[in-house]
Each structure stands twice: as C-alpha cells, then as structure tokens.
Amino acid sequence: MSVVLLLIGLALLIFMTVQGINIIVSAILASVFVALVSGLNIVDAMTDTYMQGFTGYFASYFLIFLLGAIFGKIMADTGAAESIARWIMKIIGPKGAVMAVVLACAIMTYGGVSLFVVGFAVYPIAVSLFRTANLPRRFIPAALVFGSVTFTMYLPGSPEIQNIMPTEFFGTTPYSGLGVGLVVGLFTFGIGSFWLYWMVNRAKKRGEEFIPYESDKDIEQNDKKLPSIIQAFLPVLVVIIGMITYSQFFIANTATIFALLTAILVALIIMFNYLSKFWDVMSKGTNEAIIAACNTSAVIAFGKVAALTTGFTQIVETVLQIPGPPLISMAICINLIAGLTGSASGGLGIALPILSPTYLNMGIDPGALHRVSVMSSDGLASLPHNGYVVTTIRNISKESFKTAYLPVACMAVILTQIATTFAIILFTIFG
C-alpha cells in the first residue's frame with residue numbers, strides 16, 4: 001500500500017505540472033501529500049528534509065545554471081547562435097534541412113548554451129529550412145530535441161548539468177567512461193539521424209507538406225549584421241577546451257564554472273559590439289537561471305521527502321534484486337525516478353545519493369556508473385510532462401502533442417533506452 005500511495009503522490013506531481021501549475025507549488029503540495037499519507041512528521045518533512053534538499057541542490061549548482069544562462073543569452077543576443085545555424089545551413093543546404101537543425105543544436109548545447117536558448121535561437125532557421133525543403137513542420141520539435149538532449153547530453157565532456165552531477169557521487173570527471181561514451185554517442189547520432197529522416201520521408205510520401213502558420217509572422221526576420229563564424233564558434237570552443245583544461249586542476253563543478261566564465265569573457269571581448277543591451281542580457285540570463293535552478297531544486301526536494309517513505313525503499317530494494325549485471329538495475333531505477341519527476345537532473349539528484357554507495361561497494365568501474373547514470377536519466381524523463389518537451393512543442397514550435405510528440409518520443413525516449421542498453425552491454429563486455 002505504501003508503494004501505491006507514493007505513486008499517487010508522484011502522479012499528483014505529474015498531473016499538476018502537465019496542467020500548467022507552477023512546479024514549485026506542485027512539488028510542495030505533492031510533498032505534503034506524500035508526507036501525510038506515509039505517516040511522516042509533516043513539520044520535519046517540510047522544514048527540514050524538503051528545505052535541506054532544496055537549498056542543498058541550489059547551493060551546489062546555481063552558479064552553473066547562472067553562467068550557462070548568461071552565456072546562452074550572450075550567444076543569442078549577439079547573433080552568434082544564428083551565425084552558427086546559418087553557417088551549417090549553407091554547408092548542408094536545404095536538402096539537409098533536418099540534419100542542419102540537429103547539428104546546429106548539437107554544437108551549441110555541447111558548447112554550453114542553454115537548451116531553451118538553443119531552441120528559441122534555432123527554431124526560426126528551422127522554419128526557413130523546412131519551408132524551403134517543403135518538409136512537414138511537425139518534425140521540427142523532434143529535430144530540436146534530438147540535437148539538444150540525446151547524444152550531446154551524455155557525450156563525455158558535456159557541460160550539461162546531468163553530466164556534472166555524477167562526478168560528486170562517483171568521484172569521476174565529465175570525461176569518465178570516455179571510450180564507451182564516444183561509441184554510444186556516435187551510435188545514437190547515426191541511428192537517430194537515419195530514424196528521423198525515415199519518419200520525415202515517410203510522412204512526405206503520404207502527402208504531408210510544409211504548412212505555414214499564422215504564428216510565422218511573429219518570427220523576427222533578423223537582418224542585423226551577425227558575427228563571423230570564427231567569432232561565433234570561438235566561445236563554444238573555449239567551453240570545450242576549458243572543460244578539458246580546468247578538469248586537470250579542479251573538481252567537475254568548479255571546472256565547469258571556470259570554463260563557462262572564461263567563455264563569457266571571451267564572447268564579451270570579441271562580440272561586445274554585437275550586444276544590444278549588456279545589462280539587459282545579464283538581467284534576463286540571471287532571471288532564467290534563478291527560475292530554472294529553483295524549479296529543479298523543488299523537484300529534488302520532493303524526491304528527498306519521497307525517499308523517506310517505506311514505499312520508496314521497497315521500490316529501490318525490488319529494483320536492486322533484478323538479475324543480471326548491476327548496471328541494469330541502476331539504469332532502471334534512475335530511469336523510473338527521472339520519468340516520475342519529469343526531469344533528468346531531478347532523477348539523478350534523487351537517485352544518486354541513495355544508489356551510489358551501493359554500486360561503488362560492488363566494485364563497479366566508477367566511469368561506467370557515471371556514463372550509464374547520465375544516459376538512463378534521459379529516457380523516461382522526456383515523457384510529456386518534461387519541461388523542455390512542453391516548451392519545445394507548445395511554446396517554441398506552436399505544435400500540438402497529438403501531431404508532434406511521437407517523433408519526439410522516438411528520439412528522446414525510445415532511442416535513449418536503446419543507447420543505454422548498448423552502453424551497458426559494452427561496459428559489461430569490456431569493463
């Protein structure tokens with residue numbers, strides 16, 4: 001019964017989130033419900049457990065959220081993001097519209113630009129490409145998601161928060177599990193590209209075409225002078241090189257902070273003349289960082305309360321008993337928690353403090369634990385209640401879940417499960 005009550009609490013959180021209720025309010029209400037039905041002391045659960053979970057995560061990762069958001073705003077406001085997207089478009093051409101969108105997203109997200117900034121920056125280019133190639137526009141969200149939250153998130157060296165969090169619990173670096181991570185990343189890119197092209201071509205054969213929307217009028221036709229491709233790429237390269245360099249001297253969190261800070265300084269030096277309003281960009285980036293960090297912290301805090309319940313313990317113990325390589329049970333557990341919270345980082349924040357001691361004591365390679373945990377967090381987390389999925393489909397692309405979500409699910413949910421399974425097989429054979 002305790003498991004059922006916990007699942008009801010999680011379902012309540014998902015329902016409120018999908019209904020558009022603020023995630024912080026939803027998390028507090030769901031936490032109160034879970035505490036009450038599980039017989040926890042409501043005062044201790046909320047003032048102690050919940051608030052410690054919230055403030056602990058916020059304190060650990062806020063600077064990364066802040067610098068990442070500011071960097072993304074600078075890349076967007078200077079036109080650097082658009083410059084990169086247009087450069088890729090020129091190389092590949094309209095016939096490669098789908099891949100141009102994917103690569104533009106991939107380069108920027110692996111270079112440290114916020115997912116949401118990338119989505120808004122690339123979407124106008126995607127509309128132009130899909131219109132020229134006469135491709136069904138309902139596949140734009142899938143292209144954006146595929147290039148932003150799949151292989152680029154779990155490639156070794158990614159500055160995304162999901163690749164940083166495991167370092168704290170496994171004593172690893174963002175490059176841990178390098179060999180298998182690269183192989184699986186390339187595998188995911190290849191299979192995903194083929195699958196996405198197949199879906200688009202299949203739709204075209206059925207007679208689907210590009211349909212103009214009234215909202216297309218709202219897409220700004222940006223005629224301002226853009227930075228050169230060298231100027232646009234340099235800050236992205238600084239993030240990547242900085243991650244490698246600073247990781248030799250600092251822990252992952254600190255290395256990421258220094259890499260993003262260096263990239264921001266470089267971007268300001270070489271592209272300051274392209275900024276419209278410097279302090280406005282700083283202010284918007286800061287506000288977005290606070291909102292993103294608070295939203296994630298709220299989900300983490302809910303997980304801390306849920307972790308105190310008997311039902312949560314029973315679920316974890318059941319998963320740990322799954323036969324086969326231990327990496328399988330860990331992947332399933334993280335996947336489930338990330339799916340129930342609708343957040344990859346939220347799932348990791350709840351699962352890793354509980355699971356990491358158990359799996360480290362088994363003598364499993366920390367690099368394998370790191371890489372598999374990152375990949376498994378990105379599967380069920382992309383179900384319809386995921387914040388980025390909702391934003392990409394509804395707010396950015398102005399599509400409906402009925403027409404656009406299936407291709408997104410194929411890329412972010414199903415393909416990621418396949419990639420995680422492949423990674424576990426490789427680590428088991430060669431680990």
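In what follows, every heavy atom counts, from backbone to side chain, and hydrogens, waters and symmetry copies are set aside. We number each residue from 1, following the sequence as shown.
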- Task: Would you check, one step at a time, whether the test side-chain contact (heavy atoms from CB on, under 4.5 Å) holds for F170 with M165?
- Result: CA-CA 9 Å; F170 297 127; M165 292 178 69; over 6 Å; no
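- Looking at every heavy atom in both residues, D378 comes nearest to M153 through CB-CE, 3.2 Å.
- Pairs passing the ring pair (Phe, Tyr, Trp, His ring centres under 6.0 Å) check and including a residue from residues 22-55, sequence neighbours excluded, do not occur.
- Without hydrogens or angle criteria, R138 side chain to T403 main chain gives a donor-acceptor distance under 3.5 Å.
- Considering every non-hydrogen atom in both G192 and L415, the closest pair reads CA-CD2, 3.5 Å.
- A heavy-atom distance below 4.5 Å is not found between the side chains of P407 and F146.
- In terms of heavy atoms, A232 sits closest to A80 at CB-O, 3.5 Å.
- A tilted orientation is assigned to the rings of F258 and F250, their planes being inclined by 30° to 60°.
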- Check against ring-ring contact (aromatic ring centres under 6.0 Å, His included), F189 and F151: CA-CA 6 Å; F189 175 72; F151 60 94; 5.2 Å; yes
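- Shortest non-hydrogen contact noted between L144 and C105 is CD2-SG, 3.6 Å.
- With hydrogens and angles left out, the side-chain atoms of Y154 and T188 include a donor and acceptor closer than 3.5 Å.
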- Message: Using side-chain contact (heavy atoms from CB on, under 4.5 Å), reason through L7 and V4 one step at a time and then give a plain yes or no.
- Response: CA-CA 5 Å; L7 293 178; V4 174; 5.7 Å; no
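- Annotation: the span from I332 atom CD1 to N335 atom CG amounts to 8.5 Å, rounded to 0.5 Å.
- For the pair S373 (side chain) and H370 (backbone), a donor-acceptor distance under 3.5 Å is present.
- The minimum heavy-atom distance between A263 and V239, with the atom names listed, is CB-CG2, 3.3 Å.
- The nearest pair of heavy atoms linking Y359 to L369 is CB-CD2, 3.8 Å.
- Using modelled atom types, one side-chain atom of T313 and one backbone atom of T309 make a donor-acceptor pair closer than 3.5 Å.
- Counting heavy atoms from C-beta outward, F187 and I418 have side chains that approach closer than 4.5 Å.
- Looking only at side-chain heavy atoms (C-beta outward), P136 and F210 stay at 4.5 Å or farther from each other.
- Within the 4.5 Å cutoff, the side chain of Y246 has no heavy atoms near those of the T254 side chain.
- A donor-acceptor pair is defined here as one N or O able to donate and one able to accept, closer than 3.5 Å; such a pair exists between the side chain of T173 and the backbone of Y175.
- Checked by atom type and distance alone, the side chain of D77 never pairs as donor or acceptor with a backbone atom of V281 at under 3.5 Å.
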- Task: Just do the side-chain contact (heavy atoms from CB on, under 4.5 Å) check on V389 and F401 with the steps written out, would you?
- Result: CA-CA 10 Å; V389 171; F401 270 84; 4.1 Å; yes
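- Applying the side-chain contact (heavy atoms from CB on, under 4.5 Å) test between E160 and each of L155, T152, T256 identifies T152 as the sole match.
- With sequence neighbours left out, the ring-ring contact (aromatic ring centres under 6.0 Å, His included) criterion links W87 to F233.
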- Any chance you could lay out the side-chain contact (heavy atoms from CB on, under 4.5 Å) test for W195 and I414, step after step, and finish with the verdict? CA-CA 11 Å; W195 194 357; I414 300 175; 3.8 Å; yes
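- The main-chain N or O of I164 is found under 3.5 Å from a side-chain atom of T167 such that the two form a donor-acceptor pair.
- Taken to the nearest 0.5 Å, the SG atom of C333 stands 14.0 Å off from the CD1 atom of I328.
- Panel note: side chain S38, backbone V34; a donor-acceptor pair is recorded below 3.5 Å.
- In this structure, the separation between CG on L327 and CE on M375 is 11.0 Å, given to the nearest 0.5 Å.
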- Message: Please determine whether side chain to side chain donor-acceptor pair (under 3.5 Å) holds for the pair Y405 and S400, giving the CA-CA distance in whole Å, both sets of side-chain angles, and the decisive distance to 0.1 Å.
- Response: CA-CA 8 Å; Y405 180 69; S400 68; over 6 Å; no
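- How far CD of E208 is from CZ of F139: 6.0 Å, rounded to the nearest 0.5 Å.
- In this structure, N163 contributes its side chain and P159 its backbone to no donor-acceptor pair below 3.5 Å.
- Residues M271 and P235 are in side-chain contact: their nearest non-hydrogen atoms beyond the backbone lie under 4.5 Å apart.
- Side-chain atoms of S176 do not come within 3.5 Å of backbone N or O of T172 as any donor-acceptor pair.
- Using a 4.5 Å heavy-atom threshold, the side chains of V180 and F430 count as separate.
- Note that CZ of F65 and SG of C294 are 9.5 Å apart. Values are rounded to the nearest 0.5 Å.
- Side-chain contact between L308 and K304 is absent, with no heavy-atom pair separated by less than 4.5 Å.
- If you take CG on L268 and CG on L275, they are separated by 6.0 Å, rounding to the nearest 0.5 Å.
- No side-chain heavy atom of D44 sits under 4.5 Å from any side-chain heavy atom of L40.
- When atom types are taken as modelled, the side chain of S377 and the backbone of V374 share a donor-acceptor pair closer than 3.5 angstrom.
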